[in-house]
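Taking it in order: structure first as structure tokens, then the write-up.
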Amino acid sequence: TSPPQQDPETPIARFQKYLRFNTAHPNPNYTAPVSFLTSLAQSLGLKTQTLEFIPNKPTLLITWQGSNPSLPSLLFNSHLDSVPAEPSKWTHPPFSATLTPEGKIFARGAQDDKCIAIQYLEAIRNLKARNFVPTRTLHISFVPDEEIGGIDGADKFVKSKEFKDLDVGFVLDEGQASVNDEFRVFYADRSPWNLIIKAKGVPGHGSRMYDNGAMENLMDSIEVINRFRDSQFDIVKAGKASNSEVISVNPVFLKAGIPSPTGFVMNMQPSEAEAGFDLRLPPTADPDLVKKRIAEEWAPAVRNMTYEIIEKGPLRDYMGRPLMTATDDSNPWWSVFKQAIAAAGGKLAKPEILSSTTDARFMRQLGIPAFGFSPMTNTPILLHDHNEFLKDTIFLKGIEVYEHIIHALSSFEEANSI
Ligand SMILES: CSCC[C@H](NC=O)C(=O)O
Ligand SMILES: [Zn+2]
Ligand SMILES: [Zn+2]
């Protein structure tokens, strides 16, 4: 049976329309989705601004003016872009937003993170229809390039005068699906470092046995790094910490060998070899200790090793504090958020550190409290995976949850004292 025809004027149809814009790297189409979101917001009577800190990398800012604009505002963020998808490995084309008879919407971005973008706007639509007026101003931002580090996106945005003028007091950004009936909330991310180690060594005939060759140096380093990786993973396997509370170091590329028309020269030992790793540090990690370990154990000069660390995000805020948002009574936003989830009939899991990384780190770096949250319960975690999907009923429930969250946070006045 063919999937049900979509009424063009439903939240699901609007979600599908947004999903059908191909915003996958390396060539995300930002113009079309920004214009779609702009007209959607304007149809709701919301103010829209398109900021371009880098040419062709727009940040769309939508504003729902509160009755007391002097209070610090709320910012709900989402990113326009998505990671690529391999169509041949999907059951439905990744940008078709196919709605199957059982109600699954298949698309790249269905979970990460186009759902929250439309849910924010649909929640505002419903609140406006009930004549709700926020006390605090609510801004919704749609930023580019989150998936490639946010340097031309959220990082530029939070450093802009436009952002400063928003006087943001609290941020919500993307979270991650929950496989059970509890909503997950994240009070920190792990910080991404890219590590590239390079080995130099004596080249030689493929048959020779000798020390200090480049491949030997690289493989010795990989062995040491792997032992560390296993030690961290063992802590998780033993249930002593979650995978986002340890330091992960995963190999992402190996590069060595002398190319030949048929592949590689098989009787020469190369003089150079390198490997790349995706490192993720929880906010509690000591960056100096990690750098010491890299210099002394993972890529020691004594073994002709060099290395490069590309820190793709801070570990400390402007006051030198770990990038974490409090989830106790010291943070008044926390109790308001919790109450909103309860009012929506939801259950909240224990707050977590997100194992990956979001743009929220740029707002936390300014000392702004920020939670990662995506209202997806009873949903397999498929971000960046094949056949990413979101069930229509879960998507629609998420709109209701955001109605409660917006109602609660935008009506909350005591927090202006913090
Ligand atoms: C280098 S920051 C890239 C951000 C990306 N975010 C989600 O997947 C991640 O790799 O976690
Ligand atoms: Zn994301
Ligand atoms: Zn992602």
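Read the numbers this way: they start at 1 and go in the same order the structure lists the ligands and their atoms.
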Measuring from each atom of ligand 1, which residues have a heavy atom under 4.0 Å away? Glu146, Glu147, Gly149, Pro192, Arg280, Lys312, Ser356, Thr357, Arg361, His384
Taking the side chain as every heavy atom from C-beta outward, state whether Leu396 and Thr393 have any pair of such atoms under 4.5 Å apart. no
Taking the side chain as every heavy atom from C-beta outward, state whether Trp298 and Ser221 have any atom pair closer than 4.5 Å. no
Of all the N, O or S atoms in Asp112, the one nearest to the Zn ion (ligand 3) is OD2
Nearest to the Zn ion (ligand 3) - the N/O/S atom of Glu147, by atom name: OE2
Is a salt bridge present between [X] and [Y], judged by a nitrogen-to-oxygen distance below 4.0 Å?
X	Y	value
Lys292	Asp288	no
Lys291	Glu311	yes
Glu122	Arg14	yes
Glu352	Arg184	yes
Glu388	Arg108	yes
Asp317	Arg364	no

Residue Glu174 atom name (nearest to the Zn ion (ligand 2); N/O/S): OE1
Hey, is the Zn ion (ligand 3) within less than 2.8 Å of some N/O/S atom on His79? no
